[in-house]
Asks: 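Here it is: the structure, laid out below.
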Amino acid sequence: MRIQQLVPPLSADLAQALQEIGIKTDTDLLLAHDPLTIFAKLPTGHGVTLRQFRDALAQVAELASAPVAYGDKLFEQEMKRQEDIYVEDMLLGVPEVDALLGGFNPPRVIELSGDAGSGKTALALQVALRHLTRTANSSVLWIDTGGEFSPERVALLVEKLEGPYSTTALERLQVSLAFDIEAAHEVLEAVRQALSAAADSDAAGEVYDSASASPVTRCIVVDSITSLLGPMLSATSSQGHAIMTTFMRQLRAFADSFSLTILVINTSTKVGPRNTYVANPEAVFETGRKPGLGPSFTFMTDATLWLTRRSRDEQEGDADSTVHTAEVFRSRITRSKTWAPFRIRNGLLVSA
C-alpha cells in the first residue's frame, strides 16, 4: 500500500516526510527498518513525537494485517458449506454414466471430449438443467464461445426433466458469450466477485433468507474450450501453452475455492501423423481420434470423459434414439478405462 493511502492514520506532513527519506509503502515503513531508525532519519520540524510515531505505526500495522479469523468459526462455516453442497443434485440421471465418475458433485473440473454428434453438449446440458430443476437456490453459468447456444433446445429439455423447481430453472441459467480468452477472463472475474461477496456475507454471520437470497453459482460450463484456446496453440511457440495453463489453473482455483462443478467441452483430433491411422491407446474401443488441445490438456482436469456415437450397425431396437458410449480416458477421482452405454432420445440422455 502506498504511503499516500495511509493518510489517515498518518498525517499528510508525516507521509510527505517519510517519502523524502525513501519510505514509499507500508512494507517499507513496517519491515525495512526498525521504528527508531526511521524516526531518526525524519527531517527536523516534522512535529511528531516518538510516542505519536509509534502509535501511528501500530495503526498502519492494523490496516495492513489480515482480518482476524478463528479456526473454530472457519471450520463451522466449511462444514455448513459442505452440507449445503453435497445435498444438491449434480447427476446426469443415467445411473450407468453417473457411476463412471461417482456423479458430477463439486469441486471438480471435468473434460467432455469427442467427435461432433457424440453427445458432449447434450450431456453437459442435462447435468446443468437437471441440477437447476432439483435445487432451488442454485444457478449455472454457461460460457458460449461459438454463439451456438439454443434457448429453444434448453426450454424443451427443462420440460422433459420435470424437476420440482422447473418453473424457475431457466431464470437461473446464465449464458455469457466469450469469443476470446480475454472475454472469458472477464466473465469469470465477475463470477468470482459475486461468489466472494456471498462468502463474505456468510463469514459476517448475516441472516440467510432463502426467499430473497440471490441464486449461487454451483456449475460452470465452457462450450467449447477448444474455440478459446485452440487458435493460440502453436508448435513453434510456448506462449499459447502458457495461456492455456494459466486459464485452467484459474478454473481449478474456482472449483476448489467455491466448490463448483466445471465442465469444459473439448473437440477431437486425429491420433498420429496425417493420413496414417494410429489407434488411441487410452480408449477402450479402437479409435483413431483423441481429445484436442494437445496431450498436456488432459492432465489439467480431474477426469476426461470421451463420448462416442456408435455406428449404425451397432444401433439396436429403438429407432427414435441413437446409441452412445462414455469412456473414462484418464481420471484422478475414479478408475480409468471404464465405460458405459447410453442413448439419446429426443435430446434427452437415458439408459441404454
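What you are looking at is a predicted structure, and each value in this text was computed from that prediction instead of being measured.
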Asks: Check residues 57-64 and write down every donor-acceptor pair under 3.5 Å in which the side-chain atom is one partner and the other belongs to a residue at least two apart or another chain.
Replies:
none

Asks: Calculate, to the nearest 0.5 Å, the distance between atoms CD and CD1 belonging to Gln174 and Ile143 respectively.
Replies: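 Rounded to the nearest 0.5 Å, the CD-CD1 separation comes to 10.0 Å.
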Asks: Roughly how far apart are Leu348 CG and Arg130 CZ, rounded to 0.5 Å?
Replies: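 Taking CG in Leu348 and CZ in Arg130, the distance rounds to 10.0 Å.
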Asks: Between Ser257 (side chain) and Ala253 (backbone), is there a donor-acceptor pair under 3.5 Å?
Replies: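 Yes.
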Asks: Less than 3.5 Å apart, any donor N or O on the side chain of Thr217 or Ser139 sitting next to an acceptor on the other?
Replies: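 A donor-acceptor contact under 3.5 Å links the two side chains.
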Asks: Would you check if the side chain of His324 reaches a backbone N or O of Arg343 as a donor-acceptor pair within less than 3.5 Å?
Replies: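 No, because the side chain of His324 does not come within donor-acceptor range (under 3.5 Å) of the backbone of Arg343.
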Asks: Let me confirm one number: the CG-CD1 distance from Leu251 to Ile262, rounded to the nearest 0.5 Å.
Replies: 5.0 Å
Asks: Pick out which of Leu92, Leu132, Leu349 makes a side-chain contact (heavy atoms from CB on, under 4.5 Å) with Val127.
Replies: Leu92
Asks: Show the nearest heavy-atom pair for residues Ser336 and Ser331, with the distance to one decimal.
Replies: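 Nearest pair, atom of Ser336 first, then Ser331: OG-N, 3.1 Å.
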Asks: CE of Met300 to CG of Leu229: how many Å apart, nearest 0.5 Å?
Replies: 9.0 Å
Asks: Are Thr308 and Trp306 linked by a side-chain donor-acceptor pair shorter than 3.5 Å?
Replies: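 Side chains of Thr308 and Trp306: pair found under 3.5 Å.
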Asks: Determine whether a donor-acceptor pair (N or O, by modelled atom type, separation under 3.5 Å) exists between the side chain of Asp144 and the backbone of Glu148.
Replies: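 Yes; judged by distance alone, with no hydrogens or angles, the pair exists.
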Asks: For Asp223, run the side chain to side chain donor-acceptor pair (under 3.5 Å) check against Thr145, Thr121, Asn266 and tell me which one passes.
Replies: Thr121
Asks: Go through the structure and list residues passing side-chain hydrogen bond (donor to acceptor under 3.5 Å, both in side chains) with Gln16, not counting sequence neighbours.
Replies: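 In terms of side-chain hydrogen bond (donor to acceptor under 3.5 Å, both in side chains), with neighbours along the sequence ignored, Gln16 is linked to no residue.
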Asks: Distance-only, no hydrogens or angles: does the Arg332 side chain make a donor-acceptor pair with backbone N or O of Phe299 under 3.5 Å?
Replies: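 Looks like yes, one N/O pair under 3.5 Å.
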Asks: Would you please say whether a donor-acceptor pair under 3.5 Å links the side chains of Arg172 and Thr168?
Replies: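 Yes - a donor-acceptor pair under 3.5 Å links their side chains.
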Asks: Report all side-chain donor-acceptor pairs from residues 24-32 shorter than 3.5 Å, counting only partners two or more places apart or in another chain.
Replies:
residue: Thr25; atom: OG1; partner: Thr27; partner atom: N; Å: 3.4
residue: Thr25; atom: OG1; partner: Asp28; partner atom: N; Å: 3.2
residue: Thr25; atom: OG1; partner: Asp28; partner atom: OD2; Å: 3.3
residue: Asp26; atom: OD1; partner: Met1; partner atom: N; Å: 2.9
residue: Asp28; atom: OD2; partner: Lys24; partner atom: N; Å: 3.1
residue: Asp28; atom: OD2; partner: Thr25; partner atom: N; Å: 3.3

Asks: Taking only residues two or more places apart in sequence, or in another chain, which ones meet Arg192 in a side-chain hydrogen bond (donor to acceptor under 3.5 Å, both in side chains)?
Replies: Glu189
Asks: Can you check whether Leu100's main-chain N or O pairs, donor with acceptor, with Thr334's side chain at less than 3.5 Å?
Replies: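 Checked: pair present.
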Asks: Please identify each residue that fulfils side-chain hydrogen bond (donor to acceptor under 3.5 Å, both in side chains) with Arg134, with sequence neighbours left out.
Replies: none
Asks: Taking the side chain from Lys120 and the backbone from Ile265, do they hold a donor-acceptor pair closer than 3.5 Å?
Replies: no
Asks: Does any N or O in the side chain of Thr135 come within less than 3.5 Å of the main-chain N or O of Ser138, such that one atom is a donor and the other an acceptor?
Replies: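 Judged by distance alone, no pair lies under 3.5 Å.
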Asks: Run the ring-centre check on Phe247 versus His185 and record whether the distance is less than 6.0 Å.
Replies: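 Here the rings of His185 and Phe247 have centres that are less than 6.0 Å from each other.
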Asks: For residues 105-119, which residue pairs pass the salt bridge (Lys or Arg N to Asp or Glu O under 4.0 Å) check, not counting sequence neighbours?
Replies: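 Checked against salt bridge (Lys or Arg N to Asp or Glu O under 4.0 Å) - neighbours excluded - the pairs reaching residues 105-119 are Asp115-Arg289.
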Asks: So, does Thr133 use its side chain to make a donor-acceptor pair with the main chain of Leu161 at under 3.5 Å?
Replies: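 No; zero donor-acceptor contacts below 3.5 Å.
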Asks: Evaluate the ring planes of Phe39 and Phe53, with Trp represented by its six-membered ring, and classify them as parallel (under 30°), tilted (30 to 60°) or perpendicular (over 60°).
Replies: tilted
Asks: When you compare the side chains of Thr338 and Glu327, does any donor N or O come within less than 3.5 Å of an acceptor on the partner?
Replies: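 Per modelled atom types, Thr338 and Glu327 side chains form no pair under 3.5 Å.
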Asks: State yes or no: do Met244 and Met232 share one hydrophobic cluster built from I, L, V, M, F, W and Y residues joined by side-chain heavy-atom distances below 4.5 Å, directly or via other members?
Replies: yes
Asks: So does Thr267 get a backbone contact from the side chain of Ser113, meaning a donor-acceptor N/O pair under 3.5 Å?
Replies: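 It does hold such a pair.
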Asks: Hey, what do you get for CD1 (Ile243) to CG (Leu228), rounding to the nearest 0.5 Å?
Replies: 11.5 Å
Asks: Check whether the side chains of Ser224 and Ser227 place a donor and an acceptor atom closer than 3.5 Å, and report yes or no.
Replies: yes
Asks: Just by distance, no angles: are the side chains of Ser296 and His241 close enough, under 3.5 Å, to form a donor-acceptor pair?
Replies: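 Looking only at side-chain atoms, His241 and Ser296 do form a donor-acceptor pair, the distance falling under 3.5 Å.
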Asks: Any sub-3.5 Å donor-acceptor pair from Lys160's side-chain atoms to Asn346's backbone N or O?
Replies: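 Side chain of Lys160 to backbone of Asn346, a donor-acceptor pair under 3.5 Å: yes, one is there.
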